[in-house]
Amino acid sequence: MKERYDPHEVETKWQSKWREARIFEPEPDDRKKFFITIPYPYLNGNLHAGHTRTFTIGDVIARYKRMLGYNVLFPMGFHATGTPIVGLAEQIAKKDPETIRVYNQLHQIPLEVLDNIKTPEQIVEFFSIEDEAAMKSIGFSIDWRRKFTTTDPHYKKMITWQFNLLHGLNKVVKGAHPVRWCPHDENPVEDHDILRGEDATTIEYTLIKFKLDGEILPCATLRPETVFGVTNLWVNPKIVHMRVKVNDETWIVSKEAYDKLKFTDKNVELIGQVNGDALIGKKVTNPVTGSIVPILPASFVSPENGSGLVMSVPAHAPYDYLALRDLKGADLTAYGITEDVSSIPLIALIKVPEYGKYPAVDAVSELKVKDQNDPKAEEATKLVYRREFHGGVLTETTGKYAGMLVSKIKDVLARDLITQGIADVFYEFSEQPVICRCGATCVIKMVKNQWFLNYSEPSWKEQVYKCLAGMQIIPPELRVEFENKIDWLKDKACARRKGLGTRLPWDPEWMIESLGDSTIYMCYYIIAKYLDEFEPEQLKEEFFNYCLLGKGTAQSVSSSTGIDIGIINAIRNDFLYWYPVDLRSSGKDLIPNHILFFLFHHVAIFPETYWPRSIAINGFVSLEGQKMSKSKGPILTLRSAVKEYGADITRLYILSTAEHVQDADWRSADIESTRKQFERFYKIAYDCLAEQNNGNCELKFIDKWMLSKLQYRIRETTDALNRMQTRRAVQNAFYHMMNDMKWYERRGGIAAKKDVLNTWVRLMAPFTPHICEEIWEGQGKDFISLNKFPEADISLIDRSAELAEEITGNTLRDIEEILRLIKLKPKKVILYTAPSWKKNILKKAIMMKKDNVLDMKTLMNALMSDPQMRPHAKEIPKFAQKIITDVQGMENELMISLTEMDFDETCALKESLDFLQRVVECDVEIFNADDAGYDPQGKSRMAVPMRPAIYIE
RNA sequence: GCGGGGGUAACCAAGCGGCCAAAGGUGCAGGACUUAAGAUCCUGUUUCGCAGGAAUUCAAGGGUUCAAAUCCCUUCCCCCGCACCA
């Protein structure tokens, strides 16, 4: 160990020692195993601070478990399938200036390297080397023999096997799905392809088919339940409608709606046109209730929305009610309508606590909405909708749905109508317009004949719930989130036309989507170690069936594949040993996708014994308050952080800056201060080791205090690590320990120092392994990485040493406060510890608290009947009152120590006398108030247990 | 809209019924050391107080309790996800 700390020297030294000794390359043995995995990084850029956080947390747990005696498998691979790498290769190949800038300056790739990149394969090659080097540079304890890339031919064999298996289990099915679509590019648009309307989501409307002389007037609605309250239809007389053949039916819709229909899975054919005013006055049949209702004119109907036709439910929709009211007295004879339409009776169907029978009417009058063009109409609509959705119950009007909650029945009702053929689904953007990068307006297209993973299948979900119930979720509060997300997950399109990846074995026009191919790859780490032993072609289905599922025999697999039977047995044994995954640790962005799929695929493929055991989730990392972006910046790469600060400091910083799902903010000012603290740690260790051997001294209170404190730190650190609270762990193992050591040194502690350091360095080893190896080097024979993690030794917990330090600290603080107030330089300080009668009262009060009978009256009775208390009768009431308040809020442990130990305050203070005199820079004398020799101002009366009275002159 | 997470002193951030005027860090101020800078170490950092004390605080308002930053209700505000994209 050198006097000056040079992180890079220390770190490269130990990294190569670890590598040479192959200490992170585990093989099955008789220890308990621990299999931890972390999502492999996607190879379209360098690892950044976000990876640094997730991966470091994983490495800390791996190292911690290893030091607890587990046989730990911590592997790593690389993800390359999908479209972004292909896109990046194109951008680099055509020298896109922005891409070149980001990758040159932010990802720090030299221009001459970028110049030579022409293909996606080169990108994969380049970043897999970079990322591996980065992970090695920060000291992750990864078994690199198992590395692979998802585009490897061997890996593809495993994916092919998996998908064939799922297909056979009916988990992959054909269907149609709505996607955002650019009619110009004829492609689905992804988020980054959108110029305007990025926030638009797809909304599912129900299209209810009203009938008019054999033709259909479909009305789009978000509230299908209100079909029971329809009194009329609204048509804008000023717009021209299209008559369209839709499958076997004839529909009348707006021009805009017709355009949208062309992209659905329906066959549409334009037949002719109908003017809006020609429809008005006609009567349509409500397909649900059978009632006949008129078509009326309304200006608020927009051709852009839905079908361009609106069903009117004036009892529950303010717009409908207003439009109806606005027609009062209007002359509609031109449309052949003679009756006064404003007197059409409303039909109520939802009962809601806030309103009377007709919520729309109440809302309109409450907000004083004037007419259908009043902006407040929108507000009233939202209000009614919200209240009816959350608190509404359907009335008898709705027949068999009566009594149901609106929020519960909505979807069921819509499905019912659709299966009866009287309704349809219609998709629309929540915001319009949505504009593609090419300038075209996007639509929602129904992609047909798409392959889906059938995640919505109830029995599949049931299995996943079961798996989740048996798992540990870290942090535990996230469990409900997982349950919700499993519930929410729908079928997922699993095939794409472009990108890197594996082809669907039974329909090779399609590429397996890249989230689908990274669900059970953890089991592939077991095979990946043996890749030199066979060619991809040898990895036939029976190989995986045997090695991963135990189907068939090693003998038959060996003869059909030509793979050595010894290898096959070894892989099978490795699988049986290592599986299941004990811990999957990941960033929170992967919860609604990868982590879910990980669970779904595991339960579908493996028997219950091999289902994952726990999942841990952590938050993001921002940079000086700014969100990081791989493609736009800002970004901080792992390598540049390590280059600047060293591996250990980077690790310590990123671990300590946020806990669990909280987002961390990387600030260079903060990591600078971590660096300083860390250098102090190094110095403390260096000085301690350089000191002459001073063991065998008698331990004083302060030494016992330090050893005692250390046990708490170990206990807290262990507890924190068991809950994967790395921040709290570092807080205890490093920052609090640092402050304890400061106090210990300041108090002149020496005797326990070497022992403390020996434990401390092992406590720190999972977090900052390099420096700990360096400090350990002289001390232990073996790597500290393979040593035992400290265990708290209860016999070293010394409550009287703690009380002694507490009273010393309290007293010093009190003296300093007085000095500050009186602003004098003291000549002499005299301390008076509490008299025995006060201690007795305290003990009595604590006893009463334990028996739950502590109150003023009981205490006073007890005291007054005690003859020994008589002499102090005058002082007792006031003191007792104070003691009661103190004891009420006292910590249990303190009460125990105060009653059960015969702690001598005077003796404790005498031991720290030198220290006190040094700090206050004058003589300090100590008396017991029972026997105060010198007390000119009678201060000794103020003495209280654990708080001596003070007299300063 | 649906679902999840939050609002704590100048800032970051612990605490989630009683040793809480509230850990730790940063910043700021004062002091020690030093020729000086830096580093390091002490002390302070809501307000008032020339004897260790008191008052008012944890988004806002109300409630439960001997006791609330912590539990309950209402309101306001912020962040994230909502998919075929990794």
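Chain A is the first sequence line, chain B the second, and so forth, proteins listed ahead of strands; every chain is numbered from 1.
- Taking atom CZ of residue A:R4 and atom P of nucleotide B:U40, one finds them 14 Å apart after rounding to whole Å.
- More than 12 non-hydrogen atoms from other residues, nucleotides or ligands lie less than 6.0 angstrom from CZ of A:R497.
- Contact annotation: A:S673 does not reach the phosphate of B:G25 (side-chain N/O to OP1 or OP2, under 4.0 Å).
- Rounded to whole angstrom, the span from the CD1 atom of A:I595 across to the C1' atom of B:A86 amounts to 14 Å.
- Spacing of P atoms, B:G31 relative to B:A23, comes out at 25 Å, to the nearest Å.
- Distance noted for atom P between B:A22 and B:G27: 23 Å (whole Å).
- Helical stems in RNA chain B, defined as runs of 3 or more consecutive Watson-Crick or G-U wobble pairs with donor-acceptor distances under 3.5 Å: B:1-7 with B:76-82, B:10-12 with B:24-26, B:27-32 with B:40-45, B:46-48 with B:53-55, B:59-63 with B:71-75.
- The shortest distance between side-chain heavy atoms of A:T149 and A:Y40 does not fall below 4.5 Å.
- Ring centroids of A:Y832 and A:Y951 are separated by 6.0 Å or more, keeping the two rings apart.
- Between A:L596 and A:N593, every side-chain heavy-atom pair lies at or beyond the 4.5 Å cut-off.
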For nucleotides 74-84 of chain B, just jot down a letter per nucleotide in 5' to 3' order: B, S or -, based on protein non-hydrogen atoms under 4.0 Å. -------SSBB
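- At a non-hydrogen distance threshold of 4.0 Å, A:N739, A:K742, A:R746 from residues 739-748 of chain A come into contact with RNA chain B.
- If you measure from atom CZ of A:F678 to atom C1' of B:G24, you get 18 Å, rounded to the nearest angstrom.
- Mapping A:E481 and A:Y735 onto RNA chain B via the closest heavy atom, the residue that lands nearer the 5' end is A:E481.
- Look at the C1' atom in both B:U47 and B:U57: the space between them is 10 Å, to the nearest Å.
- Relative to the six-membered ring of A:Y5, A:K683 misses at least one condition, a distance below 6.0 Å or an angle of at most 45° to the axis.
- Within the 3.5 Å criterion, the main-chain N or O of A:R728 finds a donor-acceptor partner in the side chain of A:E659.
- For the pair A:H660 NE2 and B:G6 P, the computed distance is 12 Å after rounding to whole Å.
- Listed by chain and residue number, A:Y427, A:I444, A:M446 satisfy the side-chain contact (heavy atoms from CB on, under 4.5 Å) test with A:P178 (two or more places apart in sequence, or in another chain).
- Between B:A21 and B:U56, the two C1' atoms lie 10 Å apart (nearest whole Å).
- Nearest-nucleotide mapping onto RNA chain B: of A:L478 and A:E816, the residue sitting toward the 5' end is A:L478.
- If you look at A:F127 and A:Y42, their ring centroids are not closer than 6.0 Å.
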Using atom names, set out every protein N or O paired with an N or O of nucleotides 14-19 of chain B below 3.5 Å, distance rounded to 0.1 Å.
| residue | atom | partner | partner atom | Å |
| --- | --- | --- | --- | --- |
| B:A14 | OP1 | A:Q662 | OE1 | 2.7 |
| B:A14 | OP1 | A:Q662 | NE2 | 2.8 |
| B:A14 | OP2 | A:Q662 | NE2 | 3.2 |
| B:G18 | O2' | A:G889 | O | 3.2 |
| B:C19 | N4 | A:E891 | OE1 | 2.5 |

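- No donor-acceptor pair under 3.5 Å is formed between the side chain of A:S673 and the backbone N or O of A:A669.
- To the nearest whole angstrom, the two P atoms, one in B:U34 and one in B:A29, are 23 Å apart.
- No donor-acceptor pair closer than 3.5 Å links the side chain of A:N618 to the backbone N or O of A:H660.
- Counting heavy atoms of neighbouring residues, nucleotides and ligands inside a 6.0 Å radius, atom NZ of A:K742 exceeds 12 of them.
- In this structure, A:H594 reaches neither bases nor backbone, as no heavy-atom distance under 4.0 Å exists between it and the strands shown.
- Per the geometry, CH2 belonging to A:W666 stands 17 Å off P belonging to B:U26, to the nearest Å.
- Rounding to whole angstrom units, OH of residue A:Y712 and P of B:A23 are separated by 20 Å.
- Nucleic acid contact for A:T83: sugar-phosphate only, since backbone atoms but no base atoms lie under 4.0 Å from a heavy atom of the residue.
- Taking a 6.0 Å sphere around CZ of A:R941, one finds it holds 12 or fewer heavy atoms contributed by other residues, nucleotides or ligands.
- For the C1' atoms, the distance linking B:U8 with B:A68 amounts to 14 Å, nearest Å.
- For A:R727, there are no salt bridge (charged side-chain N to carboxylate O under 4.0 Å, His left out) partners two or more places apart in sequence or in a different chain.
- Separating the P atom of B:U70 from that of B:G62 is a span of 14 Å, rounded to the nearest Å.
- In this structure, NZ of A:K676 is placed 8 Å from P of B:U26, rounded to the nearest angstrom.
- Applying the salt bridge (charged side-chain N to carboxylate O under 4.0 Å, His left out) test to every pair with at least one member in residues 943-953 of chain A, sequence neighbours left out, gives these pairs: A:D814-A:R947.
- Geometrically, A:R675 does not engage A:Y645 in a cation-pi contact defined by less than 6.0 Å to the ring centre and at most 45° from the axis.
- Partners of A:E3 according to the salt bridge (charged side-chain N to carboxylate O under 4.0 Å, His left out) rule, which considers only residues two or more places apart in sequence or in another chain, do not exist here.
- The cationic group of A:K838 lies under 6.0 Å from the six-membered ring centre of A:F879 and within 45° of the ring axis, placing it in a cation-pi geometry.
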Between N or O atoms, less than 3.5 Å apart, protein on one side and nucleotides 70-72 of chain B on the other: list the pairs.
none

Output one line per pair: protein atom, nucleotide atom from nucleotides 52-56 of chain B, and distance, for all N/O pairs under 3.5 Å.
| residue | atom | partner | partner atom | Å |
| --- | --- | --- | --- | --- |
| B:G52 | O2' | A:D814 | OD1 | 3.1 |
| B:G52 | O2' | A:R947 | NH2 | 3.2 |
| B:G52 | O6 | A:I950 | N | 3.4 |
| B:G52 | N1 | A:P948 | O | 3.2 |
| B:G52 | N2 | A:D814 | OD2 | 3.0 |
| B:G52 | N2 | A:P948 | O | 2.6 |
| B:G53 | OP1 | A:R947 | NH1 | 3.3 |

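- With sequence neighbours excluded, the residues satisfying side-chain contact (heavy atoms from CB on, under 4.5 Å) with A:H177 are A:V179, A:F452.
- Separation of the P atoms belonging to B:A60 and B:C66 is 25 Å when rounded to the nearest angstrom.
- The nearest whole Å value for the distance from the CZ atom in A:R667 to the C1' atom in B:A13 is 10 Å.
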Just list the side-chain donor-acceptor pairs under 3.5 Å for residues 80-91 of chain A, sequence neighbours left out, or say none.
| residue | atom | partner | partner atom | Å |
| --- | --- | --- | --- | --- |
| A:T81 | OG1 | A:H79 | NE2 | 3.1 |
| A:T81 | OG1 | A:D517 | OD1 | 3.3 |
| A:T81 | OG1 | A:D517 | OD2 | 2.7 |

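- Atom NZ of A:K174 has more than 12 heavy atoms from other residues, nucleotides or ligands within 6.0 Å.
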